[in-house]
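It should be emphasised that the depicted structure is a prediction, and the values quoted were computed from it without experimental measurement. Each chain gets a letter, A, B and so on, in the order its sequence line appears, and its residues count up from 1.
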Number of protein chains: 2
Amino acid sequence: MSNAKVLPLLEPDVVAPCCPPLNERPMSADEAEVAAKMFKALGDPVRLRLFSAVASHEGGEACVCDISDVGVSQPTVSHHLKKLKEAGLLSSERRGTWVYYRVEPAVLAAMGALLTGAAGASA
Amino acid sequence: MSNAKVLPLLEPDVVAPCCPPLNERPMSADEAEVAAKMFKALGDPVRLRLFSAVASHEGGEACVCDISDVGVSQPTVSHHLKKLKEAGLLSSERRGTWVYYRVEPAVLAAMGALLTGAAGASA
DNA sequence: CAGCTGTATCGATAGACGTCAACATAGACG
DNA sequence: CGTCTATGTTGACGTCTATCGATACAGCTG
């Protein structure tokens, strides 16, 4: 359902739930704690595949039943989706029988900026 | 999509040691294995701070002695720097008494592209 | 050579993490 | 209401990991 907003692309304040680019200045302990959670969420192959499956699905959202074929048991899939949700990378919504997961573009963009900033201009 | 390089510092083929953007298609198991290693390397607060310290240092390189003030013991710092090196994010070089660590821009850019691609255009 | 400083490795330990089977819950449908 | 499917939760278990103290190695300096 749901294609109300198709291209939210990048609004101005959408990019910055966390920290400045890695090369701007040494990260504080608190910043690192926050950012590391997000990176850690993508630091597992199964989670990365689940996330990629959702992100590459139509509209950036997918039913669990569409993406749960990653070679691990159903509880494990549920566990990993929960982790991704806790990290702020996905959001979920129940619609009748199925639960749909959707990517959170803002957080994703923030992580990208963290890296591309550092890659683009090495201090 | 592939070669959108805005910055003169990025050479064309520098970006692609791994995989297409997360939203292009569901990631294969092998791709996920490779990419997850890189994300996992940044998935620890101490490593993230060490990496940021190196990246934000002049020239994108720093002596261990300049960045080892992150609240953990010296062996632990060494351990984390080794991990970052194994993940391909840093390279090291001994110069006399000190060892210098330097960021690997290519890998960093690849990770950024993985994310910004997905953030820019939701499936 | 001897001693000092900077960095890496080793061995041990506590805690986190991925995984599964079993069970619980939510909604659909008869 | 009973049952079936889809998903989440719990508890257990083995493995990985972050951390430290002790120690080894490298290079400077006296």
Side-chain angles (χ1 to χ4, degrees), chain A residues 1 27 29-30 32-54 57 61-102, chain B residues 27 29-30 32-54 57 61-103:
Chain A
M1 60 120 116
M27 225 172 191
D30 287 344
E33 202 75 41
V34 172
K37 273 202 184 76
M38 309 192 303
F39 283 112
K40 182 184 281 183
L42 294 182
D44 179 275
V46 174
R47 277 199 292 270
L48 205 46
R49 292 185 69 190
L50 287 171
F51 186 85
S52 172
V54 173
H57 229 256
E61 93 172 7
C63 163
V64 177
C65 56
D66 289 328
I67 61 175
S68 50
D69 189 21
V70 287
V72 295
S73 68
Q74 175 269 322
T76 302
V77 169
S78 190
H79 167 74
H80 284 306
L81 288 172
K82 185 180 183 181
K83 287 272 190 162
L84 287 167
K85 197 170 147 187
E86 286 171 355
L89 295 172
L90 292 179
S91 58
S92 69
E93 178 191 354
R94 172 157 227 139
R95 288 207 284 275
T97 303
W98 297 281
V99 175
Y100 289 80
Y101 280 80
R102 185 169 31 204
Chain B
M27 223 170 193
D30 287 344
E33 202 76 41
V34 172
K37 273 202 184 77
M38 309 191 304
F39 283 113
K40 182 185 278 183
L42 293 182
D44 179 277
V46 173
R47 277 198 294 271
L48 206 45
R49 290 185 70 190
L50 286 171
F51 186 85
S52 172
V54 173
H57 228 256
E61 94 172 6
C63 164
V64 177
C65 58
D66 288 328
I67 61 175
S68 50
D69 189 20
V70 288
V72 294
S73 68
Q74 177 270 324
T76 302
V77 168
S78 190
H79 166 76
H80 283 306
L81 287 173
K82 186 180 183 183
K83 287 272 189 164
L84 286 167
K85 196 171 150 188
E86 286 171 354
L89 295 172
L90 292 180
S91 59
S92 70
E93 180 192 352
R94 171 155 227 139
R95 288 208 283 275
T97 304
W98 296 280
V99 175
Y100 289 80
Y101 280 81
R102 184 169 32 204
V103 305

B/His79 near the nucleic acid: base, sugar-phosphate alone, or nothing, with a heavy-atom cut-off under 4.0 Å? base

Does the side-chain contact (heavy atoms from CB on, under 4.5 Å) test come out yes or no for A/Val54 and A/Asp66, once each step is laid out? CA-CA 9 Å; A/Val54 173; A/Asp66 289 328; over 6 Å; no

Could you check whether B/Lys40 gets within reach of a base, just the sugar-phosphate, or nothing at all, counting any heavy atom under 4.0 Å? sugar-phosphate

Quick one: is D/dA6 close enough that its OP1 or OP2 comes under 4.0 Å of any side-chain N or O from A/Arg94? no

Check the distance between C/dG6's P and B/Asp69's CG and give it to me in whole angstrom. 14 Å

Between B/Tyr101 and C/dA8, does any side-chain N or O lie under 4.0 Å from OP1 or OP2? yes

State whether A/Ser73 places a side-chain N or O below 4.0 Å from either non-bridging phosphate oxygen (OP1 or OP2) of C/dT19. no

Which of the following nucleotides, C/dT7, D/dA18, D/dG8, is nearest to the side chain of B/His80? D/dA18

Kindly say whether, by distance alone, the side chain of A/Gln74 makes a donor-acceptor pair under 3.5 Å with the base of D/dA6? no

Would you kindly give the NZ-to-C1' distance between B/Lys82 and C/dA8, to the nearest whole Å? 8 Å

When rounded to whole Å, the CD to P distance for the pair B/Glu86 and D/dA18 reads 11 Å

Can you check whether B/Arg47 has a side-chain N or O nearer than 4.0 Å to OP1 or OP2 of D/dA18? yes

Is the shortest side-chain N/O distance from A/Thr76 to OP1 or OP2 of C/dC20 below 4.0 Å? yes

Which residue lies more 5' along DNA chain C, comparing A/Lys83 with B/Ser78 via nearest heavy atoms: B/Ser78

Tell me if a side-chain donor or acceptor on B/Arg94 pairs with a main-chain N or O of B/Gly96 at a distance below 3.5 Å. yes

Round to the nearest Å and state the distance from B/Leu84 atom CG to C/dA8 atom C1'. 15 Å

Does C/dG30 have a Watson-Crick or wobble mate here (both distances under 3.5 Å), and if so which one? D/dC1

In whole angstrom, give the distance that lies between atom CD of A/Glu33 and atom P of D/dA18. 13 Å

Rounded to whole Å, the CZ-C1' distance (A/Arg95 to D/dA6) equals 15 Å

Measure the spacing between NE2 of A/His57 and OH of A/Tyr101 and express it to the nearest 0.5 Å. 14.5 Å

Assign B/Val46 to base, sugar-phosphate, or nothing according to its heavy-atom contacts below 4.0 angstrom with the strands shown. sugar-phosphate

Rounded to whole angstroms, how far apart are CG on B/Leu81 and P on C/dG6? 16 Å

For A/Met27 and B/Ser52, the nearest pair of non-hydrogen atoms, with its separation, is N-OG, 3.0 Å

Which residue lies toward the 5' end of DNA chain C, A/Pro75 or A/Asp44, if each is placed at its nearest nucleotide? A/Asp44

Please give, in whole Å, the distance from D/dT7 P to A/Leu50 CG? 13 Å

Would B/Val103 and B/Leu89 count as a side-chain contact (heavy atoms from CB on, under 4.5 Å) if you check the C-alpha gap in whole Å, the side-chain angles of each, and the deciding distance to 0.1 Å? CA-CA 6 Å; B/Val103 305; B/Leu89 295 172; over 6 Å; no

Smallest separation among heavy atoms of B/Trp98 and B/Cys65, with atom names: CD1-SG, 3.7 Å

Residue-phosphate contact under 4.0 Å: B/Tyr100 side-chain N/O, C/dG6 OP1/OP2: no

